[in-house]
Amino acid sequence: MAYTYDPTNIFARILRGEIPNKTVMETPHTLVFHDIHPQAPVHVLAVPKGAYVTFDHFAAEASAEEMVDFHRTVAKVCEILGLAGPDGYRAISNAGAHGMQEVPHYHLHILGGRVLGRLVERD
Ligand code: AMP
């Protein structure tokens, strides 16, 4: 699969420092910040700094160092935000038209702080 990355997307602009964000944690390969329109009491976005469009693009082409950095950072953020306990959270990644992805730079939504309902709406 060939992935075409659009460097004008809003998360690329955030990563370049052109747009402000409310950072939770930053590492060499990963930025985690608060979603501008939170859907739950806790709603943050974990974004790899590399130019990846979707979860499968990241999984296929990111280096081991990037992948470990990303996932360890998510784990630390879950701990910091109090999500790692028994109440839990939800991690979601939307991809493409069927996933209704708005921003074409891979990101993991991490939501918590309330019961989140079922995973998807039924037709
Ligand atoms: P998705 O539909 O999975 O691509 O989700 C994109 C998410 O990015 C949405 O939840 C938006 O609220 C969020 N978002 C868009 N622009 C910004 C921004 N400037 N800062 C933080 N979150 C944003």
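Whatever order the structure lists ligands and atoms in, that order sets their numbers, starting from 1. Values below: every heavy atom of this structure, side chains too, minus hydrogens, waters and symmetry copies. Because the structure is predicted, anything quoted here is derived from the model rather than measured.
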Y106, portion touching ligand 1 at heavy-atom distance under 4.0 Å: neither
H57 versus Y5, side-chain donor and acceptor atoms under 3.5 Å: no
Side chain to side chain contact (heavy atoms under 4.5 Å, CB included) partner of L31, the single match among V24, N21, L45: N21
L83 reachable from V32 in the ILVMFWY side-chain graph, under 4.5 Å edges: yes
Atoms in ligand 1 with a heavy atom of M100 nearer than 4.0 Å: 2 (O)
Contact partition for N21 relative to ligand 1, non-hydrogen atoms under 4.0 Å: neither
Check against side chain to side chain contact (heavy atoms under 4.5 Å, CB included), L108 and F55: CA-CA 8 Å; L108 192 64; F55 168 75; 6.0 Å; no
Step-by-step side chain to side chain contact (heavy atoms under 4.5 Å, CB included) determination, L111 to Y89: CA-CA 6 Å; L111 303 115; Y89 61 93; over 6 Å; no
Minimum side-chain heavy-atom gap Y106-V47 below 4.5 Å: no
Atom indices of ligand 1 within 4.0 angstrom of N94 heavy atoms, with elements: 1 (P), 2 (O), 3 (O)
Heavy atom of the protein closest to atom 10 (O) of ligand 1 (residue, atom name, distance): D35 OD2, 2.5 Å
No-hydrogen, no-angle side-chain donor-acceptor test under 3.5 Å, H109 and H43: yes
Residue H109 vicinity, atoms of ligand 1 by number, heavy atom under 4.0 Å: 1 (P), 3 (O), 5 (O), 7 (C), 10 (O)
E102, H107, Q101: member with heavy atom nearest to atom 5 (O) of ligand 1: H107
For ligand 1, the portion of L45 having any non-hydrogen atom under 4.0 Å away: side chain
Heavy atom of the protein closest to atom 8 (O) of ligand 1 (residue, atom name, distance): F11 CZ, 3.3 Å
Residues Y52, H105; criterion side chain to side chain contact (heavy atoms under 4.5 Å, CB included); working and verdict: CA-CA 6 Å; Y52 303 105; H105 181 116; 5.8 Å; no
Which of the ligand 1 atoms, numbered from 1, are nearer than 4.0 Å to a heavy atom of H37: 12 (O)
Ligand-residue contact atoms, ligand 1 with H34, heavy atoms, under 4.0 Å: 21 (C)
Whether I92 lies under 4.0 Å from ligand 1, heavy atom: no
For atom 21 (C) of ligand 1, closest protein heavy-atom neighbour: I36 N, 3.3 Å
Salt bridge present between K49 and E66 (N-O < 4.0 angstrom): no
